[in-house]
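Below is one structure, written out as structure tokens, with a few remarks after it.
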Amino acid sequence: MRWALHSLKWLYPGMRVKRWLGLSFLGLFVSLMGVSLAFRNRPLDLLAIPNNIWDGLAYLLHFSHAQWPNTILIGWIIILSGLGICAFALARLTHSLATAANPGDNKASLVDVVYRNRFLSQGARVVVIGGGTGLSTMLRGLKQYTNNITAVVTVTDDGGSSGKLTRQLNMLPPGDIRNCLVALADSEADMTDLFQYRFKGGSTFAGEGLRDHAFGNLLIAAMNDIAGGDFQKAIKQTSTILNIRGRVLPSTLQHCGLRAEMANGEIIEGETAIVHSPNRIKRIMLTPPEAKPIDEVIGAIAEADLIVLGPGSVYTSVLPPLLVQGIPEALRQSRAKKIYICNVMTQKGETDNFTASDHIKAIEGHVPTRIFDYVLANTGRPSDDLLEKYASAGSVLVEPDADRLKALSYRVVTGDFISQTDVVRHNPAALAEAIMRLLR
């Protein structure tokens, strides 16, 4: 009885269900009338259509038994008309239910909503580790295959809006986390414009102007304040607002910075200063070095089916989470397939003239244990105009030296993974397809 009463809610005013249910029943009735007309001399016991229906139709349509062949044609026309009414009503009903289930997308179909909420929720458990724009680009592709994504993000950014908020509010830098949240959002197109919007000044915030602050960073900062300084809770609340597919976790909840030993022996403090140094990086370190990961990160790694490192700046995005105590050991113990996504282009001052194998050696030189088995390297080539543009800024295409990678006992996945736009980046769809193919 309780279930029956609860089901009556479908008939409440404003549900936009009754009209389409009524229209579908009308279509069914019309089809049955057509059946009665077309199959006048055939058994209709299962349909329980009384003979007086035929008599009424015959009277209205002025047909006699002698005109039976014509009634068959008319009957089938009526049947198809009724089915058409049913199909239209059901299509409008599913659209009404879909827009109610996902109000942010008026173009959503019910099958898309069910696919996202049911099928993708049973997808592979994927952990991605890193930071920067490379990680968020990859997440845009992976979310088409599974909702069970955990992004473990570096928290050492000390420049721009993130750096200001860290100094002003004593919170962890939100920039890389913001990019991942937006990439995993259902309404990504709308959220990208909003969360990536940067103020141009004109008002004050914590003693300084809003200039250069990203709206998404300010929202996370507000959530952090509401959560009483609980940064992890603030990320969860922001994730709920964006209705993201998966979850985003900081690699550690401790305030950390980067320290680099350069090739000339110089020691540089801070990510921004390291990136802008003209000298080559010899070694990167966390300060303090005893930073610990949160339990959810270790748990996600242990339960993962697939673990992906990168793409991103090898020294300032990929390596920092790997320097958090306990994460390399958890990666080593994990039975998941582990793959490193090599960058497409080198970075001036950080990976000058690096090949794919040089990226691997840089990681191996910082991590005490082998942590991945596969290397994905791009073999595609962007346009000459783009290559010239990057060359003028000190970046060149990363050579996918597969033979040297195999000599290092890595399994190599190669292919054209470049997105042909005005910048050279990975193609999210091609990259995700290559990654998920490892599980098949």
Side-chain angles (χ1 to χ4, degrees), residues 124-142 146 149-156 176-177 179-180 183 246 248-252 258 284 286 293 297-298 300-344 347 350-351 354-378 398 400 405 408-414 417 425-426 428 431-432 434-439:
R125 292 166 297 206
V126 180
V127 173
V128 298
I129 301 174
T133 57
L135 187 64
S136 58
T137 296
M138 181 177 61
L139 290 174
R140 290 185 177 91
L142 287 177
T146 178
I149 300 173
T150 300
V152 179
V153 186
T154 181
V155 287
T156 56
D176 286 342
I177 288 172
N179 289 332
C180 291
V248 178
L249 300 174
S251 56
T252 179
L258 288 181
I284 203 85
L286 273 186
V297 169
I298 301 302
I301 292 173
E303 297 172 359
D305 300 309
L306 181 67
I307 298 173
V308 186
L309 290 86
S313 304
V314 64
Y315 287 107
T316 55
S317 291
V318 176
L319 274 172
L322 301 180
L323 298 178
V324 176
Q325 291 185 6
I327 289 183
E329 292 76 14
L331 290 172
R332 179 61 179 169
Q333 295 171 8
S334 171
R335 301 180 64 181
K337 290 186 176 180
K338 288 156 277 190
I339 182 170
Y340 170 68
I341 311 298
C342 188
N343 290 346
V344 175
Q347 291 179 278
E350 186 167 339
T351 56
F354 267 36
T355 65
S357 62
D358 290 328
H359 285 77
I360 302 302
K361 291 176 182 177
I363 295 174
E364 287 182 337
H366 287 78
V367 181
T369 180
R370 191 183 180 101
I371 56 174
F372 52 90
D373 307 304
Y374 294 85
V375 177
L376 185 146
N378 170 68
V398 173
L405 291 171
L408 294 171
S409 301
Y410 288 98
R411 301 177 185 179
V412 184
V413 179
T414 57
F417 305 115
R425 289 180 181 170
H426 283 100
L431 189 59
I435 292 170
M436 298 305 294
R437 195 182 299 130
L438 292 178
L439 291 178

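Quick caveat, the model's predicted, so the values are computed rather than measured. Note that these values count all heavy atoms, side chains included, but never hydrogens, waters or copies made by symmetry.
Contact check for D176 versus L135: no side-chain heavy atoms found under the 4.5 Å cut-off. In this structure the side chain of I435 reaches within 4.5 angstrom of the side chain of M138, judged on heavy atoms. Taking 4.5 Å as the limit, every side-chain heavy atom of N378 sits out of range of all side-chain heavy atoms of V398. Put simply, the side chain of V297 does not reach to within 4.5 Å of the side chain of S251, judged on heavy atoms. Looking at heavy atoms from C-beta onward, L431 lies in side-chain contact with L376 at the 4.5 angstrom threshold. Side-chain contact between L142 and M436: present, with at least one pair of heavy atoms (C-beta onward) separated by less than 4.5 Å. I341 places a side-chain heavy atom less than 4.5 Å from the side chain of V308. D373 places none of its side-chain heavy atoms less than 4.5 Å from the side chain of K337.
A donor-acceptor contact shorter than 3.5 Å links the side chain of R125 to the backbone of E303. At distances below 3.5 Å, not a single donor-acceptor pair connects side-chain atoms of Q333 with backbone N or O atoms of A330. Listed for the T137 side chain is no donor-acceptor partner under 3.5 Å among the backbone atoms of H426.
Here the CD-OG1 distance, from Q347 to T316, works out to 6.0 Å after rounding to the nearest 0.5 Å. Rounded to the nearest 0.5 angstrom, T252 OG1 and Q325 CD are separated by 10.0 Å. Rounding to the nearest 0.5 angstrom, the gap separating the CD1 atom in I371 from the CG atom in L322 is 4.5 Å. Between atom CG of residue L286 and atom CG of residue L258 there is a gap of 6.0 Å, rounded to the nearest 0.5 Å. To the nearest 0.5 Å, atom OG of residue S334 and atom CD1 of residue I307 are 3.5 Å apart. Atom-to-atom distance recorded for I301:CD1 and L331:CG is 4.5 Å, nearest 0.5 angstrom.
G132 and S317 make their closest contact through N-OG, 4.0 Å (heavy atoms, listed as atom of the first residue, atom of the second, distance). The two atoms that bring L439 and D305 nearest to each other are CD2-O, 3.6 Å, heavy atoms only. Nearest heavy-atom pair, A377 versus F417, reported as atom, atom and distance to 0.1 Å: O-CE1, 3.8 Å. Scanning all heavy atoms of the two residues, the minimum distance from E350 to V314 falls at OE2-N, 3.6 Å. Smallest separation of non-hydrogen atoms from I177 and P250: CD1-CB, 4.3 Å. Considering all non-hydrogen atoms of both residues, S136 and A183 come closest at O-CB, 3.3 Å.
Classified by interplanar angle (parallel below 30°, tilted 30° to 60°, perpendicular above 60°), the ring pair H359/Y340 is tilted.
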Mind running side-chain contact (heavy atoms from CB on, under 4.5 Å) on F354 and N343 for me, showing each step along the way? CA-CA 10 Å; F354 267 36; N343 290 346; over 6 Å; no

